[in-house]
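Encoded as structure tokens, the structure appears first; notes follow it.
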Amino acid sequence: MSKSRSSSLSTHAANLSSKTGANQSKFFKTFGDDIWKNKIEKVNAELFIMTYGVIVQQLCQDFNNDYMKINENLFSMGYNIGVRLIEDFLARTALPRCPNMIMTSEVITKVAFKVFLNITPVVDNWSSNKDTFSLILVENPLAEFVDLPHDAKKQLWYSNIICGVLKGALEMVQLDCDIGFVSDVLRGDASTEIRVKLNKILKDEIPLGED
């Protein structure tokens, strides 16, 4: 990372600490838009969608349309991507650790989703203690041009790789969360919703020999 870019990101991170509420939300939106426009190598959207479709189709063949196993494998693939993707994300953004799930939801929707999928899910349905929320995917690039077979509509979470990515990435920043789809327009539901629930904050592991 160049010195000027590192300095710029550090300035963004420093400015964040002084912002709250609506100003913080606006900051994240502007921040995510800027990274998407200026710091991301764009991938052909149709090629990306087709590639993912081929992966799901291959899993259907490999597991003979056992959709529970397919869901598990998509989640596992996503998890493995997430634990690696977080390093690239943090390098690009230099954002500080989020102090609560409210800020976490802002970073996920307005920065992470924007940077990697060029969409901004809506955060909704907070629990009373603010440790659980929903991501409403008004847009879902993975699901474009997709029409599930009748039997798949009852069992397959077609975009389950997204939940795995979120699980892996959040775990790497010490947030143990349950993440899963609760509805999907591909299955005939009114909306596409992912539920994120914080179980616990993981303790940082201290290497042996260090205080």
Side-chain angles (χ1 to χ4, degrees), residues 43-86 88-89 101 104-127 131-173 175-200:
V43 177
N44 183 282
E46 290 187 5
L47 177 61
F48 172 69
I49 293 167
M50 289 176 61
T51 300
Y52 184 73
V54 170
I55 292 173
V56 177
Q57 186 177 39
Q58 185 62 52
L59 288 174
C60 289
Q61 294 176 4
D62 292 345
F63 294 101
N64 195 28
N65 292 339
D66 185 333
Y67 296 116
M68 295 298 290
K69 289 184 177 179
I70 295 168
N71 290 337
E72 292 173 1
N73 274 266
L74 288 173
F75 188 93
S76 179
M77 290 170 59
Y79 178 88
N80 290 330
I81 293 172
V83 297
R84 292 166 175 79
L85 199 63
I86 188 65
D88 177 69
F89 177 76
M101 291 302 285
T104 298
S105 72
E106 293 286 340
V107 173
I108 289 174
T109 55
K110 294 181 174 62
V111 186
F113 268 95
K114 181 64 180 181
V115 167
F116 294 114
L117 287 178
N118 192 27
I119 62 174
T120 305
V122 175
V123 179
D124 203 356
N125 302 326
W126 280 99
S127 61
D131 70 350
T132 304
F133 61 90
S134 291
L135 301 173
I136 310 299
L137 274 62
V138 180
E139 303 173 79
N140 180 6
L142 297 183
E144 289 186 18
F145 316 118
V146 175
D147 186 16
L148 297 181
H150 181 70
D151 59 333
K153 287 184 177 180
K154 298 179 181 180
Q155 303 178 67
L156 177 63
W157 296 114
Y158 183 84
S159 304
N160 211 36
I161 195 170
I162 295 176
C163 296
V165 170
L166 289 171
K167 172 72 174 180
L170 290 174
E171 196 169 287
M172 294 303 290
V173 291
L175 297 177
D176 175 24
C177 298
D178 287 335
I179 302 173
F181 278 96
V182 296
S183 64
D184 189 349
V185 294
L186 290 180
R187 295 173 58 148
D189 299 317
S191 63
T192 299
E193 178 179 349
I194 295 173
R195 196 72 173 153
V196 179
K197 179 183 183 297
L198 175 66
N199 293 320
K200 61 181 178 179

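For the residue pair Ser191 and Ser183, the shortest heavy atom distance occurs at O-OG, 2.8 Å. A pairwise comparison of heavy atoms in Ser127 and Arg195 identifies N-NH2, 4.4 Å as the closest pair. Summarising the geometry of Trp126 relative to Ser105, their closest heavy-atom pair is CZ2-OG, 3.4 Å, with the distance given to 0.1 Å. Leu59 and Met77 get closest at one heavy-atom pair: CD1-SD, 4.2 Å. Across all non-hydrogen atoms, the minimal contact from Asn199 to Cys177 is ND2-C, 3.8 Å. Closest heavy-atom contact between Asp184 and Tyr158: OD2-N, 4.3 Å.
For the pair Cys163/Ile194, a side-chain contact is recorded, criterion being any heavy-atom separation below 4.5 Å from C-beta on. Counting heavy atoms from C-beta on, the side chains of Leu74 and Ile70 come closer than 4.5 Å. Asp147 places a side-chain heavy atom less than 4.5 Å from the side chain of Lys153. Looking at heavy atoms from C-beta onward, Lys114 lies out of side-chain contact with Lys110 at the 4.5 angstrom threshold. Counting heavy atoms from C-beta outward, Tyr67 and Asn65 have side chains that approach closer than 4.5 Å. Taking the side chain as every heavy atom from C-beta outward, Leu142 and Val56 never approach each other to under 4.5 Å.
For the residue pair Ser159/Asn140, the side-chain donor-acceptor check at 3.5 Å is satisfied. With hydrogens and angles left out, the side-chain atoms of Gln58 and Asp62 include a donor and acceptor closer than 3.5 Å.
From Met101, atom CE reaches atom OG1 of Thr132 across 7.5 Å, with rounding to the nearest 0.5 Å. We find the CD1-CZ distance between Ile108 and Phe89 to be 9.0 Å, quoted to the nearest 0.5 Å. Rounding to the nearest 0.5 Å places CG of Asn80 at 10.5 Å from CZ of Phe75. Interatomic distance, OG1 of Thr109 versus CZ of Phe133, reported as 8.0 Å (0.5 Å rounding). Rounded to the nearest 0.5 angstrom, Thr120 OG1 and Ile136 CD1 are separated by 14.0 Å. Here the straight-line distance linking atom CD1 of Ile81 with atom CD1 of Ile161 works out to 4.0 Å at 0.5 Å rounding.
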- Query: Leu166 and Leu135: side-chain contact (heavy atoms from CB on, under 4.5 Å), yes or no, with the steps?
  - Reply: CA-CA 11 Å; Leu166 289 171; Leu135 301 173; 3.9 Å; yes
- Task: Quick one: do Ile86 and Glu171 satisfy side-chain contact (heavy atoms from CB on, under 4.5 Å)? Show the steps, please.
- Result: CA-CA 10 Å; Ile86 188 65; Glu171 196 169 287; over 6 Å; no
- Message: Under the criterion side-chain contact (heavy atoms from CB on, under 4.5 Å), I'd like the reasoning laid out for Lys167 against Asp176: C-alpha separation, chi angles, the key distance, then a yes or no.
- Response: CA-CA 8 Å; Lys167 172 72 174 180; Asp176 175 24; 3.1 Å; yes
- Could you go step by step and tell me if Leu170 and Ile179 meet the side-chain contact (heavy atoms from CB on, under 4.5 Å) rule? CA-CA 10 Å; Leu170 290 174; Ile179 302 173; 3.8 Å; yes
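Between the side chain of Asn71 and the backbone N or O of Gln155, at least one donor-acceptor pair lies under 3.5 Å.
With sequence neighbours excluded, the residues satisfying ring pair (Phe, Tyr, Trp, His ring centres under 6.0 Å) with Phe181 are Trp157.
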